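Because the structure is a prediction, the values reported are computed rather than measured.
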Amino acid sequence: MDSVDIILNGKKVAVQANSTILNAAKQHGIDLPTLCYHPDQRVKANCRVCVVEVEGVKNLVPSCSTRVSEGMKITTNSPRVRETVRTILELIFADHPQECLTCIRNGNCELRQLAAKYGVRDIKGEKGSNSLPLDFSTSCLVRNPNKCIKCGRCAEVCHHTQEVGILYSHNRGTDICIAPEYGKQLAEVACVLCGQCALVCPVSAIHEKDDTDPVWDALANPQKHVIVQVAPSVRVSIAEEFGLPPGEIATGKLVAVLRKLGFDRVFDTDFSADLTIIEEGHELLQRIQNGKTLPMITSCSPGWIKYVEHYYPELLPHVSTCKSPQQMFGALAKTYYAQTSLLAPEDIFVVSIMPCTAKKFEAQRPEMNASGYQDVDVVLTSRELGRMLRHEGLDFQMLEESEFDSPLGISSGAGAIFGATGGVMEAALRTLSEIETGETLKD
């Protein structure tokens, strides 16, 4: 691999040729501040908080977009750099609502973390009015343009990662705003509610709708039998919320902590993933045998389904008619589970812990009421669950592991495959093969 020698903060180091100053610094243990930069996106160089000094260059340069060259002398921590970054942060805060203590991203805000790092204590300059209306039009996302710092990360992920393209940068200079076209709300455009904009937003200009209060109310209501289903990915993502290594599977602790919160039963969405696999496998066989529309395409992602509905409606006959595992579980909970547990469907409160904001939208679709009641009452993301656990003061790491309840907590290895790329049809075909051969599903 080609490399070049540079002088970084007075020390000669070798770095990969053609890398940016930002990546070169990171390679040598220097963490430069960023806001508009995201490792999975194109370089934008909008915010300028990553600026550094380069000998021979009059102005400070953005480290995210400037490439290294042989012999380049770079200073990342000079008084000039520190003062410039602090001033930029102060200017951003001057146009930002001073609501840190009540903000939903309190404790997990990139802007506030940088302010603490650079000692921003006093906001200089004239504060903005921050009087733009909030967008509550969807069931799962809230957009607050007053908190937008114009970094462009949401529009970038919407256009170039998801390829939906409903967020745009409007106006120029200090009047820049990022919003749907013509001042429309999210519900008025072809947004698929995937939530990737909320995921990459460094502040809380867009975030998932908080549905924790209805869950608290249900848990406190003795007339309600409150059950929860957990998606496979949550048992990994929740671990990171409490300082465990990324990628660590914390299934047992997650089940235990949900019991501590007061849920009457804790079930596994993998159970209904198995059911989805079987149903989709049978649907595929029927289509083949009866000469119906092929190929059959399928996904458990409601954002993907919404994308097809908006942008490729001609493909809808190819989409499987089966519900997703989340919705199959909700239907079972208020029919089969209600009957076997001698409970009235209206007394069962079903909570889903899911990785995707579009699941909130899916749960409220009018067709999702197999029992005559809404199949899934509330969907929480991993972030919302994390807030509930911190509110309750539960030490996630100290809990003894527990297991899912039966029977809706039992699943096969095929259910786990469901979450992999291409896993839906792969798992369905595997299940059909094992049914035909009489073999038992293996973990």
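Residues that satisfy the salt bridge (charged side-chain N to carboxylate O under 4.0 Å, His left out) test with Glu70, not counting sequence neighbours, are absent from this structure. Partners of Arg48 under the salt bridge (charged side-chain N to carboxylate O under 4.0 Å, His left out) rule, at least two apart in sequence or in another chain, do not exist in this structure. By the salt bridge (charged side-chain N to carboxylate O under 4.0 Å, His left out) test, Arg42 pairs with Glu156, sequence neighbours left out. Residues that satisfy the side-chain contact (heavy atoms from CB on, under 4.5 Å) test with Glu314, not counting sequence neighbours, are Tyr312. Under the ring-ring contact (aromatic ring centres under 6.0 Å, His included) criterion, His391 pairs with Trp216, not counting sequence neighbours. Taking the salt bridge (charged side-chain N to carboxylate O under 4.0 Å, His left out) definition, one finds that Arg86 meets it with Glu83, sequence neighbours left out. A search for side-chain contact (heavy atoms from CB on, under 4.5 Å) contacts involving Asp217 returns nothing, not counting sequence neighbours. For Glu241, the side-chain contact (heavy atoms from CB on, under 4.5 Å) partners at least two apart in sequence or on another chain are Ile238, Arg383, Arg390. Taking Cys140 as the reference, Thr138, Leu193, Thr357, Lys360, Phe361 meet the side-chain contact (heavy atoms from CB on, under 4.5 Å) condition, with sequence neighbours excluded. His159 pairs by the ring-ring contact (aromatic ring centres under 6.0 Å, His included) definition with Tyr168, not counting sequence neighbours. Residues forming a ring-ring contact (aromatic ring centres under 6.0 Å, His included) with Phe267 (at least two apart in sequence, or on another chain): Phe329, Tyr337.
For residues 235-264, the set of pairs meeting the ring-ring contact (aromatic ring centres under 6.0 Å, His included) definition, not counting sequence neighbours, comprises Phe242-Phe396.
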